[in-house]
K.L.:
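Structure incoming, see below.
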Amino acid sequence: MTNKIYQILEKYWGFKKFRYLQEDIILSVLNNKDTLALLPTGGGKSLTFQIPALYKEGICLVVTPLIALMKDQLSNLKEKGITAAAIYSGMTYNEIDRTLDNAIYGSYKFLYVSPERLETDIFRLRALKMPVNLIAVDEAHCISQWGYDFRPSYLKIAEIRKFFPKIPILALTATATKEVKDDIIDKLEFKNAEVFQKSFERENLVYAVLHEEAKRNKLVDILNKVTDSGIVYVRTRKSAKEVAFFLQQNKISADFYHAGLDQKARSTKQNDWKSGKTRIIVSTNAFGMGIDKSNVRTVIHMHLPDSLEAYYQEAGRAGRDLKRAYAIALVNNNDISDLEYRVKTSFPKTEEIKSVYKSLANYFQIPIGSGKGMEFTFEINDFCNRYNLNLITTFNCLKELGKANLLSLSSNIFMPSRLFFKIGYRKLYDYQIEFPKYEAIIKTILRSYDGIFDHYIKFDEGILAKRLNTNKTEIVKQLNYLKKIDILDYLSQTDKARIIFISERVDDNSIFVDPAEYHKRKKNFESKINSVIKYAFETKACKSKQLLGYFGEKLKNDCGHCDYCLKGNKINITDFEFKNIFKKTIALLNKKPYNMDKLIEQLNDFEKDNVIYTIRWLIDNNRIKSDKNSLLRLTKGK
């Protein structure tokens, strides 16, 4: 077993060794054990289900709420020659039908689905016929009301187990408190669960909270000192644009990013940043999922997020190359009132929820008793303008309606143009003879795209127009005609959010929001907000210790390099003591490597905090380094 998983690792990923805990998680799954794995952002979670799925016959069912991540993983798998597909918002019934058929008959090794899709009749009927070898649940914290992104549809995942009673589940998440971990194990009905958790500590990441009234000026100051790639997180789309422009005025290469941009703009901005053409990306929390850029030196929060889970994930996008990086939050007293306002707006009144539901049903003209499974393109600004609704309140009402299992709202997603021939090759040949006007476009499509009789293919009308020496308008016209006469199915590209009605429309007076459950969730949200405020405004504790403590992990010593540690150490250590610790540390490491704790023990003639400060200084200045086994060694040539 072990030899084969290493062969798969090297064949598809080009690695000869696993990262910490990856092999243990894979072997647990292959031994048919329900497994919970907690690996930090960038810790290689996807590989822990991809390798066992490739090891075994059959198909891996991957449940994830993130469409962007689905598409990113699909692309990565296909580049490796591994077959995979996904079912997500925006696909037609025919596309879903075709994809499920191919999953049944062995065309794919991986099928990605949202948790909402697991509840549909079409999926459950087809699932019975699928040769599933593993169920992987990504972003598993969404299953818990104690999590920071609760999704009610995740509670239904365990129901799928009755179709595959002998198949293990691997639940994956980057962040989870003890309550969330216990909830995941309970809700997924784990038996004899194996739990693997990598430490949440990021030794190379310097956490700092800076209290500043003039945040933008401080931002410029920081980015002029830390001159490599960075991310600046803000709360609103307007702020993203304004802050990026402010940085440009101060001669810093920057651009903005948010979910309201069209797909072309988002792709261009993202690629420019990844390639280094743009140094700083200023964004809402829409940016980051699936982004794996190793040399991000700084992540700066201009506004505090709603939870420490979200902060840890976003900050964790810095320093993935394991070199020194900085996670900085810029705060002032306005942040406290902003977060308290978030509590008020995040929990709308029952009357507001009912009003939005009724307006939404009228907007899409859905009568009572109808609409189950129906899906629509949704422009929230147009909807709010038509019914004179507040945008923020409406968005939170839609989230509550999702928690009530009445509907599901997806974020803006790009769906490229797709094609599928509905008739066989022989009939298509006869049609070309009968209608020579369309022979050229049919032949060009057949020459350009494989598998067009088996599944929907993605294509670009502009490229097709160039190959036929015509214009895009003419191509669209011909495709629409061929669709009209049932030769093919043509779906033009879109870039809109989607609404799915999970249940048939009920009378708005029948909508029930459980007061006890509602109050419990509100209290949980308030608790998370208070944890963020405490982290930002507590001045007498190590920042790494605070973050790790929130996740139930104890750090033995202060980290030695966060804003609290550096401030304290700079005051206490003298130049004389620094030089003595410096010399003795170099002498010890010249003999043999030590881990941090053992090295501190060897230097017990000095104050521990001063020893930690000196060691961190040596690391930051490349005099010593930590190897893959966390042993400190002298840097070569130093």
Side-chain angles (χ1 to χ4, degrees), residues 41 66-69 71-72 210 212 214-306 310-311 313-318 320 325-332 334-335 338 342 379-382 384 391-392 395 410-414 494-497:
T41 303
L66 303 170
I67 295 172
L69 214 52
K71 292 184 174 183
D72 186 63
L210 306 181
E212 299 287 338
K215 289 187 181 184
R216 293 185 183 183
N217 292 336
K218 187 63 178 179
L219 175 65
V220 170
D221 183 45
I222 293 168
L223 295 178
N224 280 331
K225 290 177 180 176
V226 184
T227 56
D228 213 327
S229 180
I231 305 171
V232 177
Y233 280 110
V234 294
R235 189 174 287 286
T236 67
R237 296 175 182 182
K238 182 181 178 184
S239 293
K241 192 171 183 178
E242 289 176 351
V243 172
F245 182 64
F246 182 80
L247 293 178
Q248 291 165 11
Q249 287 181 311
N250 283 273
K251 299 181 180 179
I252 293 173
S253 171
D255 202 352
F256 66 94
Y257 183 103
H258 56 70
L261 297 165
D262 63 47
Q263 175 62 24
K264 186 176 180 181
R266 282 191 304 220
S267 293
T268 299
K269 290 169 183 282
Q270 183 173 304
N271 291 334
D272 284 351
W273 178 77
K274 288 180 76 172
S275 67
K277 185 177 178 181
T278 300
R279 184 184 145 211
I280 304 298
I281 198 80
V282 185
S283 178
T284 61
N285 61 7
F287 187 79
M289 292 300 180
I291 301 297
D292 190 11
K293 187 176 183 182
S294 63
N295 67 331
V296 177
R297 293 273 69 81
T298 181
V299 171
I300 301 172
H301 281 79
M302 297 288 283
H303 305 110
L304 293 169
D306 295 340
Y311 180 76
Q313 281 211 338
E314 290 165 3
R317 292 179 181 123
R320 291 191 181 180
Y326 302 87
I328 301 169
L330 300 179
V331 304
N332 56 40
N334 290 333
D335 287 290
D338 287 346
R342 294 282 290 177
E379 295 189 43
I380 192 168
N381 288 317
D382 177 68
C384 290
L391 182 65
I392 295 174
F395 180 74
S410 75
S411 57
N412 293 46
I413 56 167
F414 175 67
T494 183
D495 187 20
K496 307 292 182 185

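The basis for the numbers below is simple: all heavy atoms, side chains too, and nothing from hydrogens, waters or symmetry mates. If you read the sequence from its start, that first residue is 1, and numbering goes on from there.
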K.L.:
Starting at CG of Leu247, measure out to CD1 of Ile252 and round the result to the nearest 0.5 Å.
P.N.:
5.0 Å
K.L.:
Please answer whether the main-chain N or O of Phe256 pairs with a side-chain N or O of Lys269 as donor and acceptor at a distance below 3.5 Å.
P.N.:
yes
K.L.:
Between Ser239 (side chain) and Arg235 (backbone), is there a donor-acceptor pair under 3.5 Å?
P.N.:
no
K.L.:
Begin with the C-alpha distance, continue with both residues' side-chain angles, and end with the deciding distance and a verdict on side chain to side chain contact (heavy atoms under 4.5 Å, CB included) for Val232 and Met302.
P.N.:
CA-CA 7 Å; Val232 177; Met302 297 288 283; 3.5 Å; yes
K.L.:
Closer than 3.5 angstrom, by distance alone: can the side chain of Gln248 be matched with the main-chain N or O of Ser253 as a donor-acceptor pair?
P.N.:
no
K.L.:
With rounding to the nearest 0.5 angstrom, report the CD1 to CZ distance, Ile231 to Arg297.
P.N.:
12.0 Å
K.L.:
Salt bridge check: are Lys215 and Asp335 linked by an N-O gap of less than 4.0 Å?
P.N.:
yes
K.L.:
Kindly indicate, with the supporting measurements, whether the criterion side chain to side chain contact (heavy atoms under 4.5 Å, CB included) is fulfilled by Phe246 and Asn217.
P.N.:
CA-CA 9 Å; Phe246 182 80; Asn217 292 336; 3.6 Å; yes
K.L.:
Check this for me, if you would: do Lys218 and Asp221 make a salt bridge, where the nitrogen-to-carboxylate-oxygen distance has to be below 4.0 angstrom?
P.N.:
yes
K.L.:
Looking at His301, His303, Glu314, Arg317, which hits side chain to side chain donor-acceptor pair (under 3.5 Å) with Tyr233?
P.N.:
Arg317
K.L.:
Between Phe245 and Gln249, is any pair of side-chain heavy atoms under 4.5 Å apart?
P.N.:
yes
K.L.:
Taking all non-hydrogen atoms of both residues, which atom of Val296 and which atom of Gly230 are closest, and how far apart?
P.N.:
CG1-CA, 4.1 Å
K.L.:
Of all the heavy-atom pairs spanning Ala318 and Val299, show the shortest one and how long it is.
P.N.:
CB-CG2, 3.7 Å
K.L.:
With Glu242, which residues qualify under side chain to side chain donor-acceptor pair (under 3.5 Å), at least two apart?
P.N.:
Arg216
K.L.:
With side chain to side chain contact (heavy atoms under 4.5 Å, CB included) as the criterion, how do Ile328 and Val226 come out once you've worked through the C-alpha distance, each side chain's angles and the decisive distance to 0.1 Å?
P.N.:
CA-CA 12 Å; Ile328 301 169; Val226 184; 5.8 Å; no
K.L.:
After noting the C-alpha distance and the side-chain angles of Ile300 and Ile280, does the key distance pass the side chain to side chain contact (heavy atoms under 4.5 Å, CB included) rule?
P.N.:
CA-CA 10 Å; Ile300 301 172; Ile280 304 298; over 6 Å; no
K.L.:
Does Asp382 have any side-chain contact (heavy atoms from CB on, under 4.5 Å) partners at least two apart in sequence or in another chain, and if so, which?
P.N.:
Tyr363, Glu379, Arg386
K.L.:
Asn332 side chain to Glu212 main-chain N or O, any donor-acceptor pair under 3.5 Å?
P.N.:
yes
K.L.:
Could you pull out all residues at least two apart from Ser267 that satisfy side chain to side chain donor-acceptor pair (under 3.5 Å)?
P.N.:
Gln263
K.L.:
Is a donor from one side chain sitting under 3.5 angstrom from an acceptor on the other, for Arg237 and Tyr257?
P.N.:
no
K.L.:
Kindly write out the residues that satisfy side chain to side chain donor-acceptor pair (under 3.5 Å) with Arg342, not counting sequence neighbours, or none if the list is empty.
P.N.:
Asp306
K.L.:
Between Thr227 (side chain) and Asn224 (backbone), is there a donor-acceptor pair under 3.5 Å?
P.N.:
no
K.L.:
Is it the case that the side chain of Arg279 and the backbone of Asp228 share a donor-acceptor pair, with hydrogens and angles ignored and the cut-off at 3.5 Å?
P.N.:
yes
K.L.:
Ala327: what forms a side-chain contact (heavy atoms from CB on, under 4.5 Å) with it, not counting sequence neighbours?
P.N.:
Leu205, Tyr207, Tyr311, Ala315
K.L.:
CG of Asp272 to OG1 of Thr268: how many Å apart, nearest 0.5 Å?
P.N.:
6.5 Å
K.L.:
Please name all residues satisfying side chain to side chain donor-acceptor pair (under 3.5 Å) with Ser229, sequence neighbours left out, ordered by chain then number.
P.N.:
Trp273, Lys293
K.L.:
Grab the two heavy atoms, one from Ala244 and one from Asp255, that are nearest each other, plus how far apart they are.
P.N.:
CB-C, 3.7 Å
